[in-house]
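The block underneath contains the structure these notes are about, expressed in structure tokens.
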2 protein chains.
Amino acid sequence: MTACETCVVRNRAICSALDNHEIAALSAIGRRRTVAAGESLIWEDDDSLLVANVIDGVLKLTTSTEDGREQIVGVAYPSDFIGRPFSQTSRASVVALTDARVCVFARNDFDRFAREHPELEHKLLERTLAELDRTRAWMMLLGRKTASEKIATFLLDMSDRFGETGCAPLRRPAKRFTLPFSRQQVADVLGLTIETVSRQFTRLKQDGVIDLPSRREVDVLDRGALAALAG
Amino acid sequence: MTACETCVVRNRAICSALDNHEIAALSAIGRRRTVAAGESLIWEDDDSLLVANVIDGVLKLTTSTEDGREQIVGVAYPSDFIGRPFSQTSRASVVALTDARVCVFARNDFDRFAREHPELEHKLLERTLAELDRTRAWMMLLGRKTASEKIATFLLDMSDRFGETGCAPLRRPAKRFTLPFSRQQVADVLGLTIETVSRQFTRLKQDGVIDLPSRREVDVLDRGALAALAG
DNA sequence: GGCCAGCCTTGACGAATGTCAAATTGGCGG
DNA sequence: CCGCCAATTTGACATTCGTCAAGGCTGGCC
């Protein structure tokens with residue numbers, strides 16, 4: 001595979017740190033792969049064998065308790081990096097929410113390559129720092145927000161995420177979008193039960209804040225109200 | 001200041017990536033500072049002006065809502081790195097829990113220095129990845145664990161943290177330790193109220209799982225029971 | 001077009017945790 | 001050693017959210 005030249009995330013993923021010569025070297029140790037919706041790519045507490053760039057699709061990062069409770073601890077979108085470099089084990093599972101395409105590397109190979117390419121490591125560092133910021137903001141939501149605040153925050157986040165895809169930094173929030181999550185998965189993101197999520201959705205609909213044209217679609221009718229609810 | 005040679009965290013902080021020549025250059029752009037217990041070093045949503053290494057003491061990283069709810073999103077111990085490099089703004093406040101000594105750098109200077117020293121950036125990347133792992137484990141606690149599981153997990157975490165300080169990687173869990181947190185701060189770490197924390201503590205004491213010799217001290221009497229409760 | 005399975009919604013209820021208020025403790029300065 | 005103040009504990013009660021149990025809807029498939 002040297003589909004890198006035409007790769008849709010070539011300029012957004014960490015690959016953007018590399019020139020054409022370097023990217024050829026990187027592409028020599030990686031390969032493209034599809035992951036069907038529902039399929040796992042990485043298993044919690046397993047040996048960390050793989051890392052990858054997301055080309056297309058959405059994946060969830062989860063941790064679980066022994067008795068089966070699940071928390072979604074991250075969501076990976078196109079151009080995001082997944083997996084745990086520089087460590088024997090991976091502490092979260094990665095499962096595709098939609099059919100996805102990824103560019104995978106053996107962790108060993110990637111680690112070695114990264115250490116030889118400081119610009120790549122720098123991109124990875126910037127990405128990891130940004131992800132840590134996002135994760136900490138989510139801790140506040142999990143620890144201190146009410147169900148209705150959680151739902152409002154979540155919907156605003158989704159709306160921002162799925163804004164006009166044209167130019168990444170300048171995109172405006174989407175009024176209408178399709179959730180990559182089932183109700184149960186929304187619950188797993190927010191630390192709620194499926195029933196509470198469902199009730200909050202219907203209440204927002206009844207109050208005219210959103211419309212729900214189908215199970216996965218959301219239409220934001222009153223963004224101001226959502227923002228106010230998000231706290 | 002070139003107290004680096006005698007610095008207690010010289011071999012554990014990110015500085016360990018640097019040789020004596022490089023460390024002299026780094027020390028030229030930094031300075032030591034003390035932070036009194038309760039004093040702030042960095043403010044949420046402020047310009048990110050400072051980064052630092054913790055030499056001694058414990059600091060909390062927090063985010064707050066407008067209406068004053070607080071969530072502790074991280075805790076920094078000696079040798080930890082604090083602040084937000086490579087970003088205009090810092091998304092968490094940093095406040096000392098105990099009197100602390102830190103080695104501070106203007107973020108600009110540090111960013112520039114780091115970009116010129118890939119080994120330093122690599123250490124920072126490893127640290128940030130590890131912190132992200134810990135943070136994600138904490139999300140599971142915040143989103144999915146009960147009050148009693150939260151308290152048990154927290155006490156085990158503290159016990160591990162304050163194990164024999166002699167040799168970092170080989171330390172065993174401490175049976176008895178002094179919390180750097182007030183009850184309210186424990187509540188802010190766990191996403192609970194102070195009353196719930198207090199009740200859980202007394203219950204563990206009544207059940208003979210721990211003893212509470214003083215307000216800040218904890219004596220773990222039955223570690224197995226704690227582990228079982230932690231889930 | 002109809003049927004089926006899984007997902008989602010709704011209702012009734014209960015338990016865990018938060019809220020508010022008061023009593024108690026313990027540490028510190030005088 | 002005493003008294004004071006803040007932190008903590010305890011109690012009574014309220015509320016949110018989770019649990020359990022139906023039932024309904026939707027979208028895919030024949």
Looking only at N and O atoms, is any donor in the side chain of Arg199(B) or the base of dT10(D) less than 3.5 Å from an acceptor on the other one? no
How close or far is atom P of dT10(C) from atom CG of Leu212(A), stated in whole angstroms? 10 Å
Minimum-distance nucleotide (side-chain atoms of Arg215(A) versus dT10(D), dC17(D), dC8(C)): dC8(C)
Hey, is Lys205(B) close enough to Asp207(B) for a salt bridge, meaning N to O under 4.0 Å? no
Hey, is the side chain of Arg216(B) pairing donor to acceptor with the base of dG27(C) inside 3.5 Å? no
Of Val197(A) and Ser214(A), the one whose nearest nucleotide on DNA chain D sits closer to the 5' end is Val197(A)
Leu190(A) has an atom CG; how far is it from atom P of dG18(D), in whole Å? 11 Å
Among dG11(D), dT10(C), dT17(C), the nucleotide that comes nearest once only the side chain of Thr196(B) is considered: dT17(C)
What is the distance, rounded to the nearest whole Å, between atom CD of Glu217(B) and atom P of dG26(C)? 13 Å
Between dG6(C) atom C1' and Ile194(A) atom CD1, what is the distance in whole Å? 10 Å
Distance, rounded to the nearest Å, where Arg203(B) contributes CZ and dT9(D) contributes P: 15 Å
Using every non-hydrogen atom in the two residues, find where Val102(A) and Ile55(A) come nearest and quote the distance to one decimal. C-CD1, 3.9 Å
Centroid-centroid distance, Phe105(B) to Phe81(B), less than 6.0 Å: no
When you match Phe201(B) and Arg144(B) each to their closest nucleotide on DNA chain D, which lands nearer the 5' end? Phe201(B)
Could you check how far CZ of Arg69(B) sits from P of dG18(C), rounded to whole Å? 12 Å
Side chain Arg91(A), main chain Ala130(B), donor-acceptor under 3.5 Å: no
Rounded distance (Å) that lies between atom P of dA16(C) and atom NZ of Lys150(B): 14 Å
Checking all strands, does Thr202(B) fall into the base, sugar-phosphate, or nothing category for heavy-atom contacts under 4.0 angstrom? sugar-phosphate
Between P of dG11(C) and CD of Gln200(A), the distance in whole Å: 15 Å
Does any N or O donor sit under 3.5 Å from an N or O acceptor when you compare the side chain of Glu195(A) with the base of dC20(D)? yes
Determine whether Trp43(B) and Leu49(B) make a side-chain contact, defined as any pair of heavy atoms from C-beta on separated by less than 4.5 Å. no
Can you tell me whether the side chain of Arg183(B) and the base of dA7(D) have a donor-acceptor pair closer than 3.5 Å? no
